[in-house]
Amino acid sequence: MDRLGFIRQFARAPIRTGAVAPSSSRLAQAMTDAARLDEAGTVLELGPGTGIVTEKILEELPNGARFLALEINPEFAAATRRRCPAARVEVDDAANARQHLEAMGVEHCDAVLSGLPWAAFSATRQDELLHAIHDVLRPGGRFVTFAYLQGLVLPPARRFERSLRRNFGTVRTTPIIWRNLPPAFAYVASR
């Protein structure tokens with residue numbers, strides 16, 4: 001999917017899309033580095049969008065590791081499948097992660113990477129999704145998601161950070177990725 005297609009998706013459903021442009025390869029690299037994928041046996045990606053982070057995840061997964069992506073937007077799911085034909089990409093809500101992992105015979109995953117638009121969600125929705133992530137992440141596993149720098153002043157983004165810190169044992173941030181549109185950083189949370 002090209003940038004114009006991405007912008008169309010944003011115009012149709014800004015809350016579900018959450019961004020006006022796909023993540024940069026630099027942000028994808030920062031996220032996968034933080035997730036320590038070389039140690040992962042099962043990785044879950046929530047909201048892969050057009051598959052930029054998915055592509056980087058698949059490059060870094062060890063042989064034999066399992067991967068699943070959940071994308072609510074069918075057009076983005078199709079774009080991710082075209083970019084990463086070896087990826088298992090399901091069209092569903094991230095809150096249903098447990099059902100999909102169980103269908104794969106997996107109880108917990110080692111890492112969850114997310115492109116979900118947290119600042120666009122209500123407090124109830126943020127909590128629902130964080131609970132679902134916490135439920136599927138093994139003890140010691142890593143949850144990596146990103147936020148846009150300019151969004152930090154928004155109440156939903158501040159609420160998300162507080163909730164993240166309440167739900168996970170450790171939370172840190174990566175350096176800011178200035179060469180992303182808009183500039184972003186990743187939260188790295190451990191269960």
Stepwise side chain to side chain contact (heavy atoms under 4.5 Å, CB included) check, Leu113 with Leu46: CA-CA 6 Å; Leu113 289 88; Leu46 304 174; over 6 Å; no
Interatomic distance, [X] atom [atom1] to [Y] atom [atom2] [nearest 0.5 angstrom]:
{"X": "Thr32", "Y": "Leu37", "atom1": "OG1", "atom2": "CG", "result": "6.0 Å"}
{"X": "Asp127", "Y": "Arg166", "atom1": "CG", "atom2": "CZ", "result": "6.5 Å"}
{"X": "Cys109", "Y": "Glu45", "atom1": "SG", "atom2": "CD", "result": "12.0 Å"}
{"X": "Thr145", "Y": "Phe185", "atom1": "OG1", "atom2": "CZ", "result": "9.5 Å"}
{"X": "Thr173", "Y": "Leu164", "atom1": "OG1", "atom2": "CG", "result": "11.0 Å"}
{"X": "His100", "Y": "Glu90", "atom1": "NE2", "atom2": "CD", "result": "5.5 Å"}

Within a strict 4.5 Å, meaning less than it, do heavy atoms of the [X] and [Y] side chains meet?
{"X": "Leu61", "Y": "Leu58", "value": "yes"}
{"X": "Trp118", "Y": "Leu130", "value": "yes"}
{"X": "Asn180", "Y": "Arg26", "value": "no"}

Arg138: partners by salt bridge (charged side-chain N to carboxylate O under 4.0 Å, His left out), with sequence neighbours left out: Asp110
Step-by-step side chain to side chain contact (heavy atoms under 4.5 Å, CB included) determination, Ile57 to Val43: CA-CA 8 Å; Ile57 291 169; Val43 173; 4.1 Å; yes
Candidates Arg66, Glu107, His108 - the one meeting side chain to side chain contact (heavy atoms under 4.5 Å, CB included) with Thr42: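 The passing option is Arg66.
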Pairing of Glu161 and Arg159 as salt bridge, 4.0 angstrom limit: no
Electrostatic pair Asp135:Arg191 at N-O distance under 4.0 angstrom: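 Judged by the 4.0 Å cut-off on N to carboxylate O distance, Asp135 and Arg191 do not form a salt bridge.
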Same apolar cluster (I L V M F W Y, side chains within < 4.5 Å links), [X]/[Y]:
{"X": "Met31", "Y": "Val89", "value": "no"}
{"X": "Phe146", "Y": "Leu154", "value": "no"}
{"X": "Ile176", "Y": "Leu152", "value": "yes"}
{"X": "Val91", "Y": "Met104", "value": "no"}

Gln126 versus Ser163, side-chain donor and acceptor atoms under 3.5 Å: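 No - no donor-acceptor pair under 3.5 Å links their side chains.
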Side-chain donor-acceptor pair present, Glu60, Gln29, cut-off under 3.5 Å: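 Yes, side-chain donor-acceptor contact under 3.5 Å.
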Would the distance check show the side chain of [X] and the main-chain N or O of [Y] forming a donor-acceptor pair, the cut-off being under 3.5 Å?
{"X": "Thr174", "Y": "Ala186", "result": "yes"}
{"X": "His134", "Y": "Asn167", "result": "yes"}
{"X": "Asn96", "Y": "Gln99", "result": "no"}
{"X": "Glu71", "Y": "Asn73", "result": "yes"}
{"X": "Arg142", "Y": "Ala189", "result": "no"}
{"X": "Thr50", "Y": "Ala79", "result": "no"}

Where Gly51 and Arg83 come nearest, the two heavy atoms and their spacing: O-CD, 3.1 Å
Residues, nucleotides or ligands: over 12 heavy atoms within 6.0 Å of Arg179 CZ: no
Test of ring centre spacing under 6.0 Å for Phe168 and Phe143: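 Phe168 vs Phe143: aromatic centres under 6.0 Å.
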Parallel, tilted or perpendicular, as decided by the 30° and 60° cut-offs, for the rings of Tyr187 and Phe160: perpendicular
Residues Ile177, Ser24; criterion side chain to side chain contact (heavy atoms under 4.5 Å, CB included); working and verdict: CA-CA 9 Å; Ile177 310 302; Ser24 70; 4.2 Å; yes
Trace of the side chain to side chain contact (heavy atoms under 4.5 Å, CB included) decision for Val171 with Val188: CA-CA 6 Å; Val171 178; Val188 185; over 6 Å; no
Any residue meeting side-chain contact (heavy atoms from CB on, under 4.5 Å) with Asp38, in chain and number order, not counting sequence neighbours: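 Once residues adjacent in sequence are excluded, the partners of Asp38 under the side-chain contact (heavy atoms from CB on, under 4.5 Å) criterion are Arg36.
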